[in-house]
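Handing you a structure now.
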Amino acid sequence: MTDTARRSASQEPTAAKSAAPQERVATQRTVLMCRPEHFTVSYRINPWMHPEDPTDTSLAVRQWEELYKIYLDLGFEVELIAPIPGLPDMVYAANGGFTLDGIAYGAKFQYPERGPEGPAYMEWFAANGFEVREPVSVNEGEGDFLLVGDRILAGTGFRSDAASHDELRRIYGDREVVTLTLIDPSFYHLDTAIAVLDPVPVNGHSNIAFLPKAFDAHSLDILDELYPDAVVVNDDDAAVLGLNSFSDGKNVVIASRAVGFEASLRERGYTPIGVDLSELLLGGGGVKCCTLELRR
Ligand code: ARG
């Protein structure tokens, strides 16, 4: 399907849409975050980063605190890892690894600037009840690996190596791992191009939202087949990293500027909660990037 066909299809009135939106159920989430005490943009490893422009660390901290408070108000359990000086991207905790069934698959970063974050997060996992698996292949954790129901969607193309998808398969034996290829440098991690809407399946299915132009043709076919009812977001929402969001099944924390996505979520019965992380967007990250899910 082309982008246009996909979009108009999603806008056609359907029987489901004229009925009352589905009742959504919030689920308990446990996440790991890292206060951006050392945040700045001192190097450029994605198109959002402009080291020549100033950043405001205290504003980043205030905006991050806002997200932290939203999670606490939603009843999430929020654990914290101590920020390390000299690792300005450590705030993007999603990249610190991938956890499932009490096993933490460590991250191995593509760029040396972020390299030391891998061991730092692995140390935290080991000290906090996880069995840690040292990574062999380059992978950037939950930035590229998204658990959708029982299935793991795994991104490649910019950061995580496709070989890491095989490692995932070996580590989490009974899970289906689906490889998706990213093609737009602005959407370099899978969590910038796909949002998981239902962490727990609803009537046997977990839905997603995604940005079609971020994927190659083969990946689009897979997404269309697996998620025929997916929410498709527009370029404006994607341009503020609107998809980089975090859902508990009912409440979806999103970039406050992603107004189209906000409307689609309401239509489907979700409760969007907007937050402004403009300063962290300067590093190329948003809500989800600041959030690593812990599944013990
Ligand atoms: N500056 C960071 C990088 O390029 C941003 C990471 C964003 N994280 C994410 N989960 N998408 O690696």
Side-chain angles (χ1 to χ4, degrees), residues 31-36 38-53 55 57 60 63-64 67 81 83-84 86-99 105-118 120-121 135 138-148 152-161 164 180 182 184-196 208-211 214-215 233 237-247 253-255 258 275 277-294:
V31 300
L32 177 63
M33 297 179 75
C34 180
R35 190 178 268 103
H38 309 292
F39 174 76
T40 187
V41 175
S42 54
Y43 49 80
R44 181 174 166 91
I45 57 173
N46 71 54
W48 304 80
M49 301 175 87
H50 297 283
E52 64 283 8
D53 293 345
T55 50
T57 306
Q63 293 181 338
W64 179 94
L67 177 64
I81 180 171
I84 298 174
L87 296 177
D89 276 340
M90 199 171 165
V91 58
Y92 305 114
N95 301 125
F98 177 80
T99 72
Y105 172 37
K108 184 170 172 182
F109 286 83
Q110 157 100 227
Y111 294 104
E113 290 88 340
R114 297 196 68 182
E117 292 183 47
Y121 275 91
V138 168
N139 84 85
E140 299 197 351
E142 221 173 50
D144 275 324
F145 307 145
L146 297 174
L147 182 70
V148 191
I152 301 171
L153 298 182
T156 188
F158 294 100
R159 300 292 180 88
S160 301
D161 200 291
S164 68
L180 298 169
L182 296 161
D184 182 327
S186 292
F187 306 99
Y188 55 94
H189 276 141
L190 193 63
D191 71 356
T192 65
I194 288 184
V196 181
I208 62 163
F210 75 107
L211 176 69
F215 296 94
V233 304
D237 290 340
V240 292
L241 285 187
L243 280 171
N244 196 250
S245 57
F246 192 78
S247 173
V253 186
I254 65 168
V275 60
L277 296 184
S278 59
E279 201 59 22
L280 293 163
L281 194 59
L282 301 177
V287 172
K288 177 64 189 72
C289 299
C290 295
T291 313
L292 175 68
E293 186 135 22
L294 299 173

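As the structure lists them, so they are numbered: ligands from 1, and atoms in each ligand from 1. Excluded from the calculations below are hydrogen atoms, water molecules and symmetry mates; all remaining heavy atoms, backbone and side chain alike, are included.
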N/O donor-acceptor pair under 3.5 Å between Ser42 side chain and Pro51 backbone
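Flag not set: sc Ser42 to bb Pro51 has no pair under 3.5 Å.
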Check ligand 1 for N or O atoms under 3.5 Å from a protein N or O and list each pair with its distance.
from     : atom 1 : to     : atom 2 : distance (Å)
ligand 1 : 1 (N)  : Asn46  : ND2    : 3.4
ligand 1 : 1 (N)  : Asp89  : OD1    : 3.1
ligand 1 : 1 (N)  : Asp89  : OD2    : 2.9
ligand 1 : 1 (N)  : Gly283 : O      : 2.7
ligand 1 : 4 (O)  : Asn46  : ND2    : 2.8
ligand 1 : 4 (O)  : Arg159 : NH1    : 3.4
ligand 1 : 4 (O)  : Arg159 : NH2    : 2.9
ligand 1 : 8 (N)  : Asn95  : OD1    : 2.9
ligand 1 : 10 (N) : Asn95  : ND2    : 3.3
ligand 1 : 10 (N) : Asp191 : OD1    : 3.3
ligand 1 : 10 (N) : Asp191 : OD2    : 2.7
ligand 1 : 11 (N) : His189 : ND1    : 2.8
ligand 1 : 11 (N) : Asp191 : OD1    : 2.8
ligand 1 : 12 (O) : Arg114 : NH1    : 2.7
ligand 1 : 12 (O) : Arg159 : NH1    : 2.8

Could you check whether any side-chain N or O of Tyr188 sits under 3.5 Å from a backbone N or O of Leu182, counting only pairs where one atom can act as donor and the other as acceptor?
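A pair under 3.5 Å: no.
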If we ignore hydrogens and angles and just use 3.5 Å, is the side chain of Tyr111 paired with the main-chain N or O of Arg159 as donor and acceptor?
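No; judged by distance alone, with no hydrogens or angles, the pair does not exist.
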Parallel, tilted or perpendicular: rings of Tyr105 and Phe145 (30°, 60°)
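It falls in the parallel class, under 30°.
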Under 3.5 Å donor-acceptor, Gln110 side chain and Phe158 backbone
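Pair found, side chain donor or acceptor close to backbone of Phe158.
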Is there a donor-acceptor pair closer than 3.5 Å between any side-chain N or O of Asp144 and the backbone N or O of His189?
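Checked: no pair found.
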